[in-house]
Amino acid sequence: MKTKNLLLMILLALSLSMTSCSDDIGEPDNPSGEVNPPGKDPNFKSIIVMSDIHVMAPQLLENRGSAYENYLNQDPKLLEYSGEVLEYLVGETLQRNPDLVIIPGDLTKDGELVSHQLVVSILGKLRSAGIPVIVVPGNHDIDNPEGYYFNGDNTRPAERTSPEQFKELYADFGYNQAYATDPASLSFVCEPLEGLVLLCIDTNEYEENLYLDKGDEKDHNQTSGRIRPATLTWMLNEADKARAKGKQVVLVQHHNIVQHYDGQGTLQSAYIIEDYENVGKQLMKHGIHMAFTGHTHLHDVAQYRTITNETQPDSLVDVSTGSVISYPNPWRTIKVNNEFTEWQINTEYVTSIPSLSDVKSTCKKLLNDNLKGGLGWHINESWSSIDKYRNTLAILGLTREFLPETPEETTDILINYVGDPFTKAFMILNEGNEWKNPESAGLENQLKSSMEKMLRDRAATVGLHNIQTELLITTFNTIYKMRLEPGLKSILTDINQYNASDKRLNSRTDDLNAVLRVGR
């Protein structure tokens, strides 16, 4: 995932300002954070979840140079050590001997066939040990035009992985275990543990990718996701059949199904499925109350609730797992009862591997050092939408020159004014349980003050009159309160439970160590 979501929220808001119970799965979490490690207890099953492993085959980096450095500048991940990180996790998994491993997508850097082959080879050690592994594809994994060999200043395309090849490669990691498959996608349904049915859904839009070698204007990998209408019908039917047999049904997919902060569906729509609210209601109606997702690289737990009456809320919980090769390198261990109604979820971290003694500090520095590159990528991607506001600035008596002329200038201005408070907020967001971090206090006000100073200084630079400047600031404050403040507050306080009217509830779920109770 290309990170820096908070600064993109800020940019969009600034652009706008220039223009104008038993079935309850959200019971209070384990307050102490103490969760028993998974083991072979006959009364429980143990599950490991790791996500966004983004393995890059070593041969893709032929010679380090500007091409590879530019890639890391826009999307900093521990790519050169990604295979070793997966080896470490496989070793940890073999020692713990869980009943099941789940990986919710983005198995490779960018869908290179050689990277998938390496993933299959490493994960094969778990299969050889008799540990079931279930994977789903992520947006990076299939027919991705951005998979390259890096050679100094140059790149050349790597062999892409087709949907058919993906299904063949991961035959032993879900597809051979499937008792039903979706004709419209790479989705499948399986029962890896007796009584637990996994709806493994392909939410990716790889058919929307663009390819220079096919005559398109550029190579472009589609980030956003959705559940195809035919797939939704199929999966709900499969859920009904499983529940009729007394099974617990759990969703596994790459993209989020529940908002993880206020406004994610608008400000970060590429990371949550299209029409998420309507789809979520249908899932709950058909007895699906839990989902394991990835994609955002945020280690976060969020819930959506519809209140049918005061005593019987209906809920859907989205357990999103962060990337193991991005700060803070988390993965999850789970202990669940045999009825699959009580899930004790714990967080662990990749802290060291043989080639790197301090993984977390290295990844934290990567994120911090590449703030400008990541933001620049986002602004370039959104520039056509941002630039359109030039023609509407007359509403505030502003000139077209008020907005910077280039994405690069815009990036520099944002970094100069809001870079420091944003970096702090972004690190807190990545760590999870933001509300427990004392550094969260006052950050939202600091971000707002920095943005207001940026607007005032920009107004002075382009020679606005005082009346125009005050009108601009008044409009900004109005738009900020309506659009940006709720999202920032819900992020920094980690309150991300929603009801049927998409209103945030005044409660939170522990992102790192939670006890979730799921009705059947």
Side-chain angles (χ1 to χ4, degrees), residues 21-29 102 104 136 180 182 187 189 191 195-203 225-262 264-265 271-293 295 300-320 336 339-343 345 495-509 514-520:
C21 58
S22 62
D23 290 329
D24 179 10
I25 57 174
E27 292 195 8
D29 307 312
I102 296 172
V136 296
D182 173 32
S187 305
V189 57
E191 188 176 352
L196 176 65
V197 167
L198 298 182
L199 284 175
C200 302
I201 306 303
D202 172 12
T203 55
R226 49 83 183 94
I227 296 178
R228 299 167 177 85
T231 300
L232 182 60
T233 299
W234 169 82
M235 62 189 283
L236 295 179
N237 181 55
E238 290 296 334
D240 288 344
K241 291 191 291 186
R243 291 185 67 243
K245 298 177 182 178
K247 312 290 186 181
Q248 179 67 282
V249 181
V250 169
L251 183 67
V252 179
Q253 63 182 43
H254 188 56
H255 294 78
N256 294 160
I257 183 66
V258 176
Q259 288 197 114
H260 284 261
Y261 63 84
D262 282 13
Q264 183 188 3
Y271 298 96
I272 186 169
I273 64 164
E274 295 175 10
D275 199 21
Y276 65 92
E277 187 174 3
N278 177 55
V279 172
K281 290 177 181 178
Q282 293 191 63
L283 295 178
M284 289 185 288
K285 182 179 179 181
H286 289 263
I288 302 168
H289 300 291
M290 174 173 280
F292 289 101
T293 67
H295 192 38
D300 194 77
V301 179
Q303 296 190 44
Y304 182 88
R305 300 184 179 202
T306 57
I307 309 299
T308 54
N309 58 57
E310 292 185 358
T311 60
Q312 190 177 7
D314 197 7
S315 305
L316 174 62
V317 64
D318 184 330
V319 181
S320 181
V336 57
E339 293 74 35
F340 302 103
T341 55
E342 182 172 292
W343 298 69
I345 299 178
I495 295 178
N496 49 15
Q497 296 188 12
Y498 303 87
N499 66 14
S501 60
D502 218 21
K503 181 179 179 181
R504 177 157 39 93
L505 304 177
N506 191 27
S507 55
R508 56 174 65 91
T509 303
V515 178
L516 301 174
R517 294 178 175 85
V518 184
R520 294 184 64 166

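Between the CG atom of Asn237 and the CG atom of Asp182 there is a distance of 11.5 Å, given to the nearest 0.5 Å. The OG atom of Ser320 sits 11.5 Å away from atom NE2 of His255, with the distance rounded to the nearest 0.5 Å. Rounded to the nearest 0.5 angstrom, His289 NE2 and Leu516 CG are separated by 13.0 Å. With rounding to the nearest 0.5 angstrom, the CD1 atom of Ile273 is 4.0 Å from the CD1 atom of Ile227. The distance from the CG atom of Asn256 to the CD atom of Gln253 is 8.5 Å, given to the nearest 0.5 Å. In this structure, CG on Asp202 lies 5.0 Å from CZ on Arg228, to the nearest 0.5 angstrom.
Taking the side-chain contact (heavy atoms from CB on, under 4.5 Å) definition, one finds that Ala291 meets it with Leu251, Ile257, Thr293, sequence neighbours left out. Scored by the salt bridge (charged side-chain N to carboxylate O under 4.0 Å, His left out) test, Glu339 finds no partners at all (sequence neighbours excluded).
Nearest approach of Leu283 to Met235, heavy atoms of both residues: CD2-CE, 3.7 Å. Minimum heavy-atom separation, Ser187 to Thr231: OG-CG2, 3.7 Å. Of all non-hydrogen atoms in Val258 and His260, the two that sit nearest each other are O-CD2, 3.0 Å. Scanning all heavy atoms of the two residues, the minimum distance from Tyr304 to Lys281 falls at OH-CE, 3.2 Å. Nearest heavy atoms, Gln248 versus Phe340: NE2-O, 2.8 Å. Heavy-atom minimum distance, His254 versus Val136: N-CG2, 4.3 Å.
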**OP:** Give the intermediate values and the outcome of side-chain contact (heavy atoms from CB on, under 4.5 Å) for residues Gln259 and Ile272.
**Re:** CA-CA 7 Å; Gln259 288 197 114; Ile272 186 169; 3.9 Å; yes
**OP:** Take Val279 and Arg226 through the side-chain contact (heavy atoms from CB on, under 4.5 Å) test and state the conclusion after the steps.
**Re:** CA-CA 10 Å; Val279 172; Arg226 49 83 183 94; over 6 Å; no
Original post:
Passes side-chain contact (heavy atoms from CB on, under 4.5 Å), Tyr276 versus Asp318? Steps please.
Top reply: CA-CA 12 Å; Tyr276 65 92; Asp318 184 330; over 6 Å; no
**OP:** Quick one: do Val249 and His286 satisfy side-chain contact (heavy atoms from CB on, under 4.5 Å)? Show the steps, please.
**Re:** CA-CA 9 Å; Val249 181; His286 289 263; over 6 Å; no
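Remark: of the listed residues Val189, Thr233, Val197, Val189 is the sole one forming a side chain to side chain contact (heavy atoms under 4.5 Å, CB included) with Glu238.
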